[in-house]
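In what follows, chains are A, B, ... by sequence order, proteins preceding strands, each numbered from 1.
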Amino acid sequence: MVFKSLRGVEDLLPPESEKFEKVVKTFKEAVEKAGFREVILPIFEEAGLFARSVGETTDIVQKEMYVFEDKGGRQVALRPEGTASAVRAYIQHGIYAKEPFTKWFYVGPMFRFERPQAGRRRQFFQAGCEVFGLSQPGADAEVIGVAASILESLSVEFNLEVNSIGCEKCRPRYREALLEFLKLRVEELCPDCKGRLERNPLRVLDCKVETCKEVVSEAPVITDYLCDECRVHFQKVKEYLSLLGVGFKVNPRLVRGLDYYTRTVFEFKSEKLGAQSTVLAGGRYDRLVSQLGGPETPALGFAMGIDRVMLLLPQVEEEREGVFVVTAGEEAYRKGLELIAFLRSKGIKAQIDHRQGSFKSQMKAADRVRAKFVVIIGEEELKGDFLSLKDLDTGKQEKISGLEELLARL
RNA sequence: GUGGGAGUAGCUCAGUUGGUGGAGCGCCGGGUUGUGGCCCCGGCGGUCGCGGGUUCAAGUCCCGUCUCCCACCCCA
């Protein structure tokens, strides 16, 4: 019996693992500069937390969540996203009473039971940010700006779309208007959308079926239905974004799949990703903290799909680095062992070939691990009390008298 | 959950009407008594995804199943 990783669950081996770390590192540097601090949150939670925050009727909760009963009889879920846990932690630890506003970030695996596809795995990785306690439009613009800076640092090209989906005051009005419009043209909608009409008519705006798109293109848009406060808020967000030099497009048909969003929503998309084109997305969720039992607290955030970003990173050729020690015979090998320990203590990457094969095979190994230099210790070197140093880029080789000189040459 | 395509060496793939499974790359060794990349030669390496069926005989035909890829759906 040979074991394989489960469907949609992948190992990240070098160099993919290094790509992963690069994305995480870039993300952290960008958000830490903006004052975000890391929270390390549990990978599983009480299942009810996600039902209440993400939405009872969403596919994530109804079909895609890994739910199981633990040995204490609790209904437990592997987290399908990060915001619910962050909000839970924010409330649980009374953070609202300790800080005027809070900026958190998190990185880690998420789980959804879906059919695997390009850019979609059952275990996938997100890096996300959350801001609590700020209702001002400047916060929206800043968060979107931070998100843009992450992708820019990674040289990932994107299109940014923003929209406002209003608040609980104005959204119902729009919902009514949309519903009224769609009902007149029900027979033109796809079967899926006919179902959405009942559950969540806003999602019809998202449909990819051509006939639905045509209907939607004539449908009323939410931006015409915003209440005064939401309209002013959205206007300010757009102004500040321009001020910050963040390029964006207003997409009045942009909606989000999670129930907790209010007002500002945004999506960073790439054209190079196939069907799963969203690389980073988020929005404001002013009602969520109170919905989960905390005090009225405005909040917003976003999550980035690390796996999807990785697909967009340009391939870079590995540069040669460090030293590879080639030896002949036991005595030379012993000197080699001492040498790599010495070099490492000086902060230099150093390796040796323990197999003690031919010079040729050791040289091959040095090339294979992309070493920059080879230090040769053989009979001649032992006899003459020197080291040979070969530069694998230039192919030039020279005699080195001692460790001091070696360090100076590296 | 639905639909299409695909599983043969570590990787990428070829394999004729069913008749003892190949190449390239990689790895190891040699050509070079102590020198990588290029070239030449040799070697290691296979339950042909798994299970069943048809057949004298199955990588090849049939059924089932698992996995991968792509799309729907969903979403970061």
Side-chain angles (χ1 to χ4, degrees), chain A residues 1-2 4-10 13 23 54-55 58-65 80-83 107-122 124-129 147 151 158 190-193 195-196 200 203 206-209 255-258 266-270 273-283 301-312 320 324 326-329 332 353 355 357-383 388-397:
Chain A
M1 174 69 190
V2 177
K4 284 163 69 178
S5 62
L6 289 170
R7 177 164 211 199
V9 177
E10 279 182 343
L13 310 176
V23 172
V54 175
T58 58
D59 279 14
I60 292 180
V61 168
Q62 288 198 333
K63 312 187 212 167
E64 298 171 4
M65 209 153 66
E81 57 109 42
T83 299
V107 177
M110 306 293 161
F111 306 87
R112 294 181 197 172
F113 191 84
E114 300 180 276
R115 282 289 281 274
Q117 191 184 323
R120 190 170 82 180
R121 299 279 99 103
R122 288 181 174 179
F124 60 103
F125 294 86
Q126 287 190 341
C129 283
L151 297 179
F158 60 81
C190 70
D192 281 333
C193 282
R196 288 178 182 127
N200 191 350
R203 297 211 52 80
D206 237 6
C207 189
K208 288 174 192 163
V209 176
V255 291
R256 314 271 28 259
L258 284 62
F266 54 91
E267 223 168 279
F268 290 77
K269 293 185 182 184
S270 165
L273 273 184
Q276 310 299 322
S277 60
T278 303
V279 165
L280 185 158
F302 66 80
M304 178 176 83
I306 295 177
D307 318 67
R308 290 184 187 176
V309 170
M310 284 167 66
L311 295 173
L312 295 168
R320 291 189 179 279
F324 196 95
V326 168
T327 64
D353 191 338
R355 297 173 306 175
S358 64
F359 267 61
K360 180 173 180 164
S361 69
Q362 293 185 62
M363 289 300 294
K364 236 177 155 171
D367 184 53
R368 192 58 223 279
V369 302
R370 307 294 296 164
K372 166 75 173 160
F373 295 103
V374 166
V375 169
I376 299 167
I377 310 176
E379 265 177 59
E380 289 174 29
E381 284 80 4
L382 288 177
K383 218 177 286 173
S388 294
L389 179 69
K390 181 166 184 172
D391 182 323
L392 289 184
D393 276 326
T394 63
K396 283 184 184 154
Q397 187 167 326

Touch class at under 4.0 angstrom, heavy-atom based, for Q62(A) against every strand present: nothing
A9(B) to C25(B) separation - C1' atoms, rounded to the nearest Å: 12 Å
Distance between P atoms of G34(B) and C44(B) (Å, rounded): 26 Å
Distance in angstrom units between I60(A) CD1 and C74(B) P, rounded: 11 Å
Nearest listed nucleotide, side chain of D307(A), among A76(B), G37(B), C73(B): A76(B)
Sugar-phosphate, base or nothing in reach of F268(A), heavy atoms under 4.0 Å: nothing
Interatomic distance where CZ belongs to F111(A) and C1' belongs to A76(B) [whole Å]: 15 Å
Sugar-phosphate only, base, or nothing, as touched by L280(A) at under 4.0 Å among non-hydrogen atoms: sugar-phosphate
Heavy-atom donor-acceptor pair, R368(A) side-chain to C27(B) base, under 3.5 Å: no
d(CD, E381(A); P, G34(B)) in whole Å: 12 Å
Separation of the C1' atoms in G45(B) and C11(B), to the nearest angstrom: 13 Å
Position toward the 5' end of RNA chain B (nearest nucleotide), F113(A) or D391(A): F113(A)
G-U wobble or Watson-Crick pairing nucleotide for G7(B) (cut-off 3.5 Å, both distances): C66(B)
Pair listing, salt bridge (charged side-chain N to carboxylate O under 4.0 Å, His left out) test, anchored in residues 108-118 of chain A, at least two apart: E114(A)-R120(A)
Sugar-phosphate, base or nothing in reach of A328(A), heavy atoms under 4.0 Å: nothing
Side chain to side chain contact (heavy atoms under 4.5 Å, CB included) between V309(A) and L280(A), intermediate numbers included: CA-CA 9 Å; V309(A) 170; L280(A) 185 158; over 6 Å; no
Spacing of the P atoms in A14(B) and C56(B) (rounded, Å): 32 Å
Sugar-phosphate, base or nothing in reach of Q362(A), heavy atoms under 4.0 Å: nothing
Salt bridge present between R320(A) and D367(A) (N-O < 4.0 angstrom): yes
Could you list, one pair per line, each protein nitrogen or oxygen that sits under 3.5 Å from a nitrogen or oxygen of nucleotides 67-71 of chain B, together with the distance?
from   : atom 1 : to      : atom 2 : distance (Å)
C68(B) : OP1    : G8(A)   : N      : 2.9
C68(B) : OP2    : R7(A)   : NE     : 2.8
C69(B) : OP1    : R121(A) : NH1    : 3.4
C69(B) : OP1    : R121(A) : NH2    : 3.2
C70(B) : OP2    : A118(A) : N      : 2.7
A71(B) : OP1    : A275(A) : N      : 3.1
A71(B) : OP2    : Q117(A) : NE2    : 3.2

For residues 357-366 of chain A, dump all side-chain donor-acceptor pairs below 3.5 Å to protein atoms at least two apart in sequence or in another chain.
from    : atom 1 : to      : atom 2 : distance (Å)
S358(A) : OG     : S361(A) : N      : 3.0
S358(A) : OG     : S361(A) : OG     : 3.4
S361(A) : OG     : S358(A) : N      : 3.2
S361(A) : OG     : S358(A) : O      : 2.9
Q362(A) : OE1    : T327(A) : N      : 3.0
Q362(A) : NE2    : T327(A) : O      : 2.8
Q362(A) : NE2    : G357(A) : O      : 3.0

Residue list, side chain to side chain contact (heavy atoms under 4.5 Å, CB included) with K269(A), at least two apart or on another chain: E161(A), E267(A), S277(A), T278(A)
Identity of whatever pairs with A23(B) - Watson-Crick or G-U, under 3.5 angstrom: U12(B)
Partner set under side chain to side chain contact (heavy atoms under 4.5 Å, CB included) for L311(A), not counting sequence neighbours: L273(A)
Rounded distance in Å - NZ (K390(A)) to P (G36(B)): 7 Å
Pairwise P distance for U16(B) and G49(B), with rounding to whole Å: 14 Å
Touch class at under 4.0 angstrom, heavy-atom based, for I306(A) against every strand present: nothing
Between U35(B) (C1') and K396(A) (NZ): distance, integer Å: 17 Å
Nearest-0.5 Å distance that lies between atom NZ in K63(A) and atom OG1 in T58(A): 10.0 Å
Set of residues satisfying side chain to side chain contact (heavy atoms under 4.5 Å, CB included) with respect to P109(A), sequence neighbours excluded: I43(A), R79(A), F111(A), Q123(A), F125(A)
Pairing partner of C39(B) (Watson-Crick or G-U wobble, both distances under 3.5 Å): G31(B)
G10(B) versus C27(B) - spacing of their P atoms, nearest Å: 15 Å
Under the salt bridge (Lys or Arg N to Asp or Glu O under 4.0 Å) test, residues paired with E64(A) that sit two or more places apart: none
Under 3.5 Å on both distances, the Watson-Crick or G-U partner of C61(B): G53(B)
Sugar-phosphate only, base, or nothing, as touched by R320(A) at under 4.0 Å among non-hydrogen atoms: base
Length of the line joining F266(A):CZ and C75(B):P, which is rounded to integer Å: 16 Å
U65(B) versus A58(B) - spacing of their P atoms, nearest Å: 24 Å
Taking N or O atoms only and anything under 3.5 Å, show me the protein contacts with nucleotides 29-32 of chain B, one pair per line.
from   : atom 1 : to      : atom 2 : distance (Å)
G31(B) : N7     : K360(A) : NZ     : 3.4
G31(B) : O6     : K360(A) : NZ     : 3.3

Pairwise C1' distance, G7(B) and U20(B) [rounded to whole Å]: 24 Å
Partners passing side chain to side chain contact (heavy atoms under 4.5 Å, CB included) against Q397(A) (at least two apart in sequence or in another chain): I376(A), S388(A), K390(A)
Nearest-Å distance for atom pair CG/C1', residues D367(A) and U35(B): 11 Å
Nearest-nucleotide 5' precedence on RNA chain B, E81(A) against C207(A): C207(A)
Sugar-phosphate, base or nothing in reach of E380(A), heavy atoms under 4.0 Å: base
Between CD on residue E10(A) and CZ on residue F124(A), distance to nearest 0.5 Å: 13.5 Å
Whole-Å distance separating the CZ atom of R203(A) from the P atom of C74(B): 6 Å
Donor-acceptor under 3.5 Å (R308(A) side chain, V279(A) main chain): no
Any-strand Watson-Crick or G-U partner of U2(B), both distances under 3.5 Å: A71(B)
